[in-house]
There are 2 protein chains.
Amino acid sequence: MTAAPTVYDVAERAGVSIATVSRVYRTPDSVRASTRERVLAAARELGYVPSGNARGLASRSTGVIGLCFPDYGDPAADTEDDDTAMLYSDQIIRGMERAARRHGYALLIAASLKGGAAGLVAKVAGRVDGFAVMARTVPTEELEVISRRMPVVMLAGPREGTAFLDHLDHIEVANEDGQHELTRHLLVDHGVRRPAYIGTIEQSPDVQARFDGFRLACREAGVETGDEPALRLGRLTQEEGARAAARLCESPGELPDAFVFANDQTAVGALRELERRGLSVPDDVIVTGFDGIPLSRLVRPALTTVRQPMVRMGEEATELLVRRLSSKGEGEPVSRVLPVSVARRASCGCTETTPTL
Amino acid sequence: MTAAPTVYDVAERAGVSIATVSRVYRTPDSVRASTRERVLAAARELGYVPSGNARGLASRSTGVIGLCFPDYGDPAADTEDDDTAMLYSDQIIRGMERAARRHGYALLIAASLKGGAAGLVAKVAGRVDGFAVMARTVPTEELEVISRRMPVVMLAGPREGTAFLDHLDHIEVANEDGQHELTRHLLVDHGVRRPAYIGTIEQSPDVQARFDGFRLACREAGVETGDEPALRLGRLTQEEGARAAARLCESPGELPDAFVFANDQTAVGALRELERRGLSVPDDVIVTGFDGIPLSRLVRPALTTVRQPMVRMGEEATELLVRRLSSKGEGEPVSRVLPVSVARRASCGCTETTPTL
DNA sequence: ATGAAAGCGCTAACAT
DNA sequence: ATGTTAGCGCTTTCAT
């Protein structure tokens with residue numbers, strides 16, 4: 001690896017000053033065409049590439065926005081299925097990148113390490129003009145400090161917990177609305193009367209909002225529910241979902257006519273357990289999820305769920321950042337709620353849509 | 001947005017020199033514990049975050065690796081399906097990021113803009129310690145120049161064309177082997193005798209290698225094929241695939257007993273066209289693809305195809321880069337070929353595997 | 001263990 | 001239209 005040429009090398013070779021070289025890259029029109037050509041030629045011959053670091057340092061801007069996301073451990077999915085299971089973070093990344101590209105920004109992504117997110121923010125923050133953070137990724141305190149220096153937008157993904165710093169921009173999805181609509185569908189269109197909600201132990205805002213939507217729908221339909229979910233799970237995994245289904249089946253009294261899960265993973269786990277027990281979905285019991293992960297389409301019966309627009313969330317995050325960047329961060333904090341949509345599939349008794357061709 | 005505090009601010013507040021502040025962040029052990037605490041405290045109070053740019057400039061390294069990928073236009077998939085369709089680039093990104101994380105690197109991603117990739121490399125190269133490039137993303141010439149200054153690894157994704165710069169590290173998948181194995185399966189296990197290969201007009205190395213694998217299998221099985229694919233397509237899209245199927249159905253003579261497509265998209269298009277014509281897959285004709293995109297599982301019949309390990313490719317890319325970086329780029333260029341695996345599904349007459357639960 | 005000072009490669013006034 | 005000259009915020013010898 002040879003030492004990289006600098007503006008000085010190019011300038012000397014082209015017989016101009018370094019300022020001219022700089023101009024050729026920043027404002028080509030401010031340089032006479034013939035001069036520009038000479039500079040460009042010299043640069044090409046030398047293999048010159050402007051140092052992003054030096055530029056960033058001198059101009060106080062990088063042309064890069066960032067994303068911090070949690071270390072999702074290894075995807076719960078079997079390795080076989082590795083590339084089918086698209087994680088939230090992947091979708092958000094895609095959305096952010098796409099929008100960033102349109103605005104001429106590149107995207108820097110970094111996940112917290114399993115151990116601690118120590119230094120994650122610092123690492124990213126030091127190299128970008130602004131960034132998005134998936135909730136629960138970094139300590140609130142760190143964000144507090146950094147958001148005074150650059151735009152930060154909080155992404156309330158699924159299963160989050162942190163109280164939001166109220167001066168940050170913030171994007172979330174309509175958890176309550178989605179669960180409400182889905183539940184109403186079960187109650188009104190499928191005549192469900194004894195739905196069981198399966199939530200989590202630690203009440204994250206998202207899961208709480210979903211439960212609220214569930215209860216509201218029940219109340220509206222005159223269906224009785226307690227103030228508590230039928231069950232609370234420690235983690236929202238397939239295993240836990242399967243165990244939840246087992247518990248519900250074995251508990252005394254009448255079997256609920258619908259298992260309403262707080263996410264898709266657990267619902268899929270339940271599907272498996274119910275099949276093992278020889279129970280039919282949706283005939284014996286309806287099962288629904290939340291999130292709309294790809295797997296929800298693949299399972300049989302296909303899972304009725306609430307789809308979250310994660311790609312869109314990424315795009316919105318970028319748009320928000322770019323706007324802040326061009327307005328120097330002025331203006332009130334924005335809080336945006338993205339709409340969700342209910343996917344009515346076979347697990348609630350709706351006709352399954354044909355796979356897209 | 002307040003002006004960001006610098007080492008000077010922290011140093012002053014902590015009553016030390018800027019060198020000490022710097023040491024606290026780079027080599028904490030070289031600073032007395034009490035001093036370190038004072039510095040850290042001052043930093044916290046001030047909301048100090050080290051400037052990645054300044055660090056990079058002074059130390060000539062960024063702790064970031066990059067990825068340049070092509071602008072895949074908007075995904076062919078319907079918007080509805082947006083989050084189900086995981087692109088290659090997404091998978092490579094995931095793989096690279098995962099591995100990068102393990103080595104303490106962050107990942108900078110940037111796609112070429114539709115128009116031209118002008119400046120893409122420069123933009124990325126200026127901000128990273130090394131990077132990967134998906135084939136056909138940037139002009140060979142630019143890479144030539146840059147690879148003299150930092151590690152660059154070429155990712156021969158699907159449908160590529162550029163001749164490889166032979167001094168770059170390079171990762172590709174076993175296209176020929178995969179197509180060979182798939183074809184042999186059709187010939188030997190399903191008794192196919194008149195397979196038709198559908199390739200592309202511009203012979204990219206990947207597609208060429210696949211065709212070579214196809215021919216080899218045919219030769220071995222004593223099945224006659226020409227030196228040319230039955231059909232060459234302009235673009236590997238679903239539309240083109242559907243048109244190809246139509247052409248093959250309408251051409252005089254016996255219908256081929258298998259359509260062997262160069263990728264999944266086209267195969268899926270063919271599936272649709274065949275269904276429209278009332279032909280049964282695999283009874284009337286077998287259809288196979290190549291790539292193993294998620295959609296290939298979702299269609300009915302599920303598509304038999306060759307799965308490419310794109311996530312793995314991303315991981316390998318990072319590993320290669322990291323190795324080069326720690327060895328200062330010494331050593332011969334590496335060229336790695338990743339194994340692929342055949343997914344036998346319904347479209348060739350194999351029992352369809354139950355969707356993963 | 002800590003400090004002083006010289007850059008790192010560029011941009012951004014300010015001249016000319 | 002082009003050149004001069006300070007920095008930008010850090011790391012890195014070299015001293016102490």
Side-chain angles (χ1 to χ4, degrees), chain A residues 2-40 42-43 46-64 119 122-123 125-129 149-150, chain B residues 2-40 42-43 46-64 119 122-123 125-129 149-150:
Chain A
T2 333
T6 73
V7 272
Y8 290 93
D9 302 317
V10 176
E12 183 176 352
R13 177 146 192 151
V16 298
S17 76
I18 61 165
T20 298
V21 175
S22 177
R23 288 192 186 96
V24 166
Y25 286 89
R26 291 178 297 113
T27 52
D29 295 332
S30 70
V31 177
R32 195 192 307 157
S34 60
T35 315
R36 195 192 316 146
E37 286 317 317
R38 280 215 319 285
V39 171
L40 255 15
L46 260 28
Y48 169 74
V49 180
S51 153
N53 284 327
R55 291 180 95 144
L57 184 53
S59 67
R60 300 128 177 296
S61 86
T62 64
V64 178
K123 181 155 195 164
R127 318 203 71 88
V128 302
D129 294 338
R149 319 249 171 270
M150 60 172 74
Chain B
T2 333
T6 73
V7 271
Y8 291 93
D9 302 316
V10 176
E12 184 176 350
R13 178 149 193 147
V16 299
S17 75
I18 62 166
T20 298
V21 176
S22 178
R23 287 193 186 93
V24 167
Y25 286 91
R26 292 178 298 111
T27 52
D29 295 333
S30 70
V31 177
R32 194 191 308 157
S34 61
T35 316
R36 196 191 315 146
E37 287 317 317
R38 281 218 317 286
V39 171
L40 254 17
L46 259 30
Y48 169 74
V49 179
S51 154
N53 284 326
R55 288 181 98 138
L57 183 53
S59 68
R60 299 122 180 299
S61 87
T62 63
V64 178
K123 180 155 197 166
R127 318 204 70 89
V128 301
D129 294 337
R149 317 250 172 270
M150 61 172 74

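Within every chain, numbering begins at 1; the chains are lettered A, B, ... in the order of the sequence lines, protein sequences first and strands thereafter. The structure presented is a predicted model; accordingly, all values stated were derived computationally and were not measured.
To the nearest angstrom, P of dG9(D) lies 15 Å from CZ of Arg127(A). Atom CG in Asn53(A) sits about 17 Å away from atom C1' in dG7(D), given to the nearest Å.
First and last contacting nucleotides of DNA chain C toward chain B (any atom under 4.0 angstrom from a heavy atom, 5' to 3' order): dA1(C) to dG9(C).
A 4.5 Å side-chain heavy-atom check between Arg127(A) and Arg127(B) finds every atom pair outside the cut-off. Residues Arg23(A) and Val39(A) form no side-chain contact, since every pair of their non-hydrogen atoms from C-beta on lies 4.5 Å or further apart. No side-chain heavy atom of Asp129(B) sits under 4.5 Å from any side-chain heavy atom of Arg60(B).
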Notebook entry, point to check: When you look at Leu40(B) and Tyr48(B), which way does the side-chain contact (heavy atoms from CB on, under 4.5 Å) test go after all the steps?
Noted result: CA-CA 9 Å; Leu40(B) 254 17; Tyr48(B) 169 74; over 6 Å; no
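Taking every heavy atom of both residues into account, Arg149(B) and Pro5(A) meet most closely at NE-CD, 3.1 Å.
Note on residues 30-40 of chain A: pairs passing side chain to side chain donor-acceptor pair (under 3.5 Å), not counting sequence neighbours, are Thr27(A)-Ser30(A).
Interatomic distance, CD1 of Ile18(A) versus CD of Glu12(A), reported as 12.5 Å (0.5 Å rounding). Met150(A) CE to Ser61(A) OG: the interatomic distance, rounded to the nearest 0.5 Å, is 11.0 Å.
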Next item on the list: Going 5' to 3' through nucleotides 11-16 of chain D, assign each nucleotide B (protein heavy atom under 4.0 Å from a base atom), S (under 4.0 Å only from sugar-phosphate atoms) or - (no protein heavy atom that close).
Entry: BB----
